[in-house]
Every structure is written in structure tokens, then in C-alpha cells.
Amino acid sequence: MLDIRYIRENPQKVQTAAESKGYSVDISHLLSLDENRRELQTKVEEVRRERNELADGLKQTKPTPEQITRGKALKTQVAEIEDRLRVVDEEFMTLLKKVPNMPLEDVPVGASEDENVVVKTVGELPKFDFEPKNHWEIGQARGWIDKERAAKVAGSRFAYVMGDLARLHFAVLQFALDRLTDENVLQQIVTDNGLTASSKPFVPVLPPAMIRTEVYEATARLNGEEQTYKLADDELWLNASAEHSMSPMYQNEILDESQLPLRYLGYTTAFRREAGTYGKDMEGIFRLHQFDKLEMESFTAAADSLQEHLFMVAVQEYLMQQLELPYQVVMKCTADIGGPNARGIDIDVWLPGQNMYRETHTADLITDYQTRRLQTRVRHGDGTIELAHTNDATAFSQRPLIGIIENYQTADARVRVPKVLQSYLGGKEIL
RNA sequence: GGAGAGGUGACCGAGUGGCUGAAGGUACCGGUCUUGAAAACCGGCGUGGGGCAACUCACCGAGGGUUCGAAUCCCUCCCUCUCCGCCA
């Protein structure tokens, strides 16, 4: 959530920013609740103070009946004001949580994803002397993707990913794991992109794939049962990304500046209801209820978070370049970055079978929007404490497999293996 | 799942219903001493909210309750540990 003090000082700015993101929040109402809440808080504190003073005076002596009566009256009064405060505070918090993060200055203002801006196109589009196929046509022909049987077992939007495609999946993950834990590689990425970010390697993590309600809510990533799977008998949700179980790792903790940045490379299965996408991307493995993803998550000091964000995008580009996949870098507009984001970048791979670029990666700069509720803070060398900043970004999901299948396909529905992956597939050059 | 023991500040750890936001120790910071360091000694050292400030309020796993007054008593939940069971 946003800092109420910031909202107090910049009400119009916040109102405008929220609207540019497509959120309707009433900032002036929020501020009047805030005022109301502070008034009640001052009041309740005054009465509590009286109560405390009375109690303090009674430490050694037995209370007189008058003092007990007075104490009882104060107690009732405290409870009464507290009740009023609770009501106001609840409404206040509900509204405050709805206020989205402020987008950075360079985020294009737009009303829908159509106004996202392509900032960069990299790689030669492949040329074929035959009509290129979709990944699902190849997948089906090769026995790599079986959605009929998956539907029988689990319903629509599930798949059996099998054979060489399953192997390729692990090859891609292993490749990313190797590179992102190698400080030399990261240093090279930092240098090549003129960044000042740290070259500290990522720590690989297998995080929990389930998250408690309270914690999930605090990450500002829980979109309700509409979008997220909830376990019926427990206060637990299936995570929709490893980010969701990694960002709350340091809830209620104060990190020492010297530990930063904390960089994690988490792997979990992600579960998504994909509500509101009926009929969209029904073929193949592009949009499933369940997929596996390797995700970057980092905690930095506030001053370093933008560099960290740019670094993560650079890492994503590096990975795509290593796989020799043509891609574009998209700067998402205000309407598309999402509530918690200050800035969001997508990387889209070229898919010759669909004749278009499709999203494979996202990089999110969250600033202190998550950590304010999570209370993840940083203690600086001089003793000052501030909220930590979080960044998250895709390393590899299953979607890059689609890019490999479609870009590396041959006329007989075989798939050449990107050079950097061959050693992970027993030296095979073609599948 | 069954039985038991616990959750106190960065860490260890004391805490009889009021004198405890919390003893004592460690760590850390500053100082004295020392050629330097160690040791010793002195001082300082939680977080968050409100207020221009003085100051004040809250927080001893979380949430309720009892009481004039709760870290301390009661209830619910969460978590950790030990033993048993089950399991990859």
C-alpha cells in the first residue's frame, strides 16, 4: 500500500495516477477518513492516558471505591471510542489498500495494453521455406502435448507436457539456474548494459507453493478466489508465482544494509484460474491453469531498486539472446502494469506459427508498496531505518518453450536445439 | 493425526497482576586507559503511530476476554520443539 503521509501531501497527484491506472478511488474521502481516524486516535489516547495515570497512582495502595468507579468509567469510555475508531480505521484501511502504487515518470500513460510501447526489437526473424506451424501442431504431432487426456483428468487448460518437451523444459531451467548463480555472468550483464547494480549471484530457492491468507494479502498480490485457488479446508492459497511466496519471506524483519541486495531465484508451480480469458489461447500450453516458472525476486535499499529493476530486464534479455530467440521489449503503460507496480516491462518472443510477438517475461518494480504492509525494512549503516524495496521478474516460464518450438522448427516438425541448451540434452542438436 | 513442552528486544535469558517497555548477559556504537590491540571501566543502544514541540499512545506469537490495572489470569487461533504414528 501507499504511504498515507505521501497521499496527504499529494492528493491530486495520487488521484490522477490511480485514474491513469484504471482504478477508481476517492482520495478526498480517504483523507477525510484519515482525519477522522486521527482525531479519534488522539481522543482514545487521552483517555488511555488518564486510565494509565490512575492505575499508576494505585500501585502501592488499595483503590478506593471512588477510584474503582472512576476506572470503570474510563474503561467504558476507552472501549466506546475504540469501537468508533475501529469502524473508521477499517474503512480507512480498506480504501488505502485499494490505492495503487504511483507509476514512475517514464511509464507511458495509457488506457489499455494497446498503449504499451515497444522500446526495442532484438534478433532476426527466422525465415522458413515452408509454412511454419504452431507449437501445438508440432507438440501434438510429436506427442509432446496431450491436452485431451489432461482435460479428462483435470479439465480444460491443463496439459501433459511429455517426452523431449519435458526434457527441454528442464534444460531451459537448468541453463538459467547455472547462469544466474554465476557472478561472472551477472557482472558481464551489468557491464554490458552500463548499469550500477550489484553482480551478486542469485540464491536458488524451492519456496512453499501455498501461502496463508494473511500473508498473501499483505503482498498485495492476492486477487481473490476469482483468480486464485483456495484450499477448501485450510486458510491456504496456491501461489500464482514463486514471487508471491518469496516476497513475504522477510515479513516483520529489519534487514541489515550489508546483506543487500538479497536475490532469489525461486522455482514453483504456478496456479491461476485465468478468469476472464474464456476462449482465449485455448490451444497448446500458452495459457494454462498450472505451469512451472523460475522467478527472480530481490530486496534492495530504496535507492537501488530502479537499478535492480533495469538489471532484471537485462537478465531477461540476456537469457533470450542466449537462446537466440527474437524478441521485443515492451514498456507497459499505466493501465497494464498493475496496482502494486511503479514500472513494468514485458518481453515478448516472436512466434512465427502465430505471426506475432507474445509475452514470455514480466519485470515488476514494486518499490515499497509491498514492504509497507509486510514491514520488511532496512537498517542503514548510520542506524536509520527505511522500508526495503522489492523487484520481481520472470527468469523462465514454460512459454519460452513455445518460442523455441516455433522458431527452431524444421519442415518435418522437428525442433533444433538452441546451442546453449545442447549440453543439457545429452548433446542432442535436434529433437 | 495422538501426547507433552514452549513462544519476551539483534541474540541468550529473568519476569510474584500494579514500582516492567521490560532485570541480567552477549553483540553493537561512543569514551577512558593502552605505543597498538585485548581486557577492564563509564555511557549509549527496540519498533511503530499521533503531535510543531514538550510529550503521549501502542506493541512481550496473533486475536478476543476478565480486572480500577495484564508480559503475567482465561478462551480461540498460529507457530516452534520432543516423543509416537504416517509418509517422499
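Below, chain A is the first sequence line, B the second, and so on; all start at residue 1. Only a predicted model underlies this, so the values are computations on that prediction, with no experimental measurement involved.
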Length of the line joining A:E217:CD and B:A62:P, which is rounded to integer Å: 18 Å
For atom CG of A:D89 and atom P of B:A58, their distance in whole Å: 16 Å
Sugar-phosphate, base or nothing in reach of A:D256, heavy atoms under 4.0 Å: nothing
Base paired to B:C77 (Watson-Crick or G-U; both N/O distances under 3.5 angstrom): B:G61
Short side-chain N/O contact from A:R379 to OP1 or OP2 of B:U47, under 4.0 Å: yes
Nearest heavy-atom neighbours spanning A:L33 and A:L95: CD1-CD1, 3.9 Å
A:I4 vs A:I385, nearer the 5' end of RNA chain B by closest nucleotide: A:I385
A:T362, A:T360, A:N116 screened by side chain to side chain donor-acceptor pair (under 3.5 Å) with A:D346, the one that passes: A:T362
For atom CG of A:L54 and atom P of B:C19, their distance in whole Å: 14 Å
Between B:C57 (P) and A:K43 (NZ): distance, integer Å: 18 Å
Watson-Crick or G-U wobble partner of B:A14, both distances under 3.5 Å: none
Integer angstrom distance from the P of B:C28 to that of B:U35: 24 Å
Euclidean distance, atom NE2 of residue A:H380 to atom C1' of B:C28 [Å, nearest integer]: 18 Å
Ion pair check, A:E53 and A:R49, cut-off under 4.0 Å: yes
Sugar-phosphate, base or nothing in reach of A:R372, heavy atoms under 4.0 Å: nothing
Nearest-angstrom distance, P atom, B:G43 to B:G48: 27 Å
Touch class at under 4.0 angstrom, heavy-atom based, for A:R8 against every strand present: sugar-phosphate
For atom CZ of A:R37 and atom P of B:G50, their distance in whole Å: 7 Å
Nucleotide nearest A:E45 (side chain, heavy atoms from C-beta), chosen from B:A58, B:C68, B:U56: B:U56
Charged N-O contact under 4.0 Å between A:E235 and A:K230: yes
5'-most by nearest nucleotide on RNA chain B - A:G71 or A:Q375: A:Q375
Minimum-distance nucleotide (side-chain atoms of A:R377 versus B:C57, B:G48, B:A58): B:G48
side-chain N/O A:N52 vs B:G69 OP1/OP2, d < 4.0 Å: no
Touch class at under 4.0 angstrom, heavy-atom based, for A:L74 against every strand present: nothing
Atom pair distance, as rounded to whole Å: CD in A:E82 and C1' in B:A58: 10 Å
Partner nucleotide of B:A71 by Watson-Crick or wobble geometry (both distances under 3.5 Å): none
Assigned partner base of B:A23, Watson-Crick or wobble definition, under 3.5 Å: none
side-chain N/O A:R212 vs B:C79 OP1/OP2, d < 4.0 Å: no
A:R86 and A:D89 ion-paired at < 4.0 Å: no
Pair partner, B:A38 [Watson-Crick or wobble, under 3.5 Å]: none
For atom CZ of A:R48 and atom P of B:A70, their distance in whole Å: 11 Å
CD (A:Q227) with more than 12 external heavy atoms under 6.0 Å: yes
B:U56 phosphate, OP1 or OP2, under 4.0 Å from A:R38 side-chain N/O: no
Residues A:E80, A:K43: salt bridge by 4.0 Å N-O rule: no
For B:G85, the Watson-Crick or wobble counterpart (both distances under 3.5 Å): none
Any A:K72 side-chain N or O less than 4.0 Å from OP1/OP2 of B:U67: no
Pairing nucleotide - B:C28, Watson-Crick or G-U, each distance under 3.5 Å: B:G44
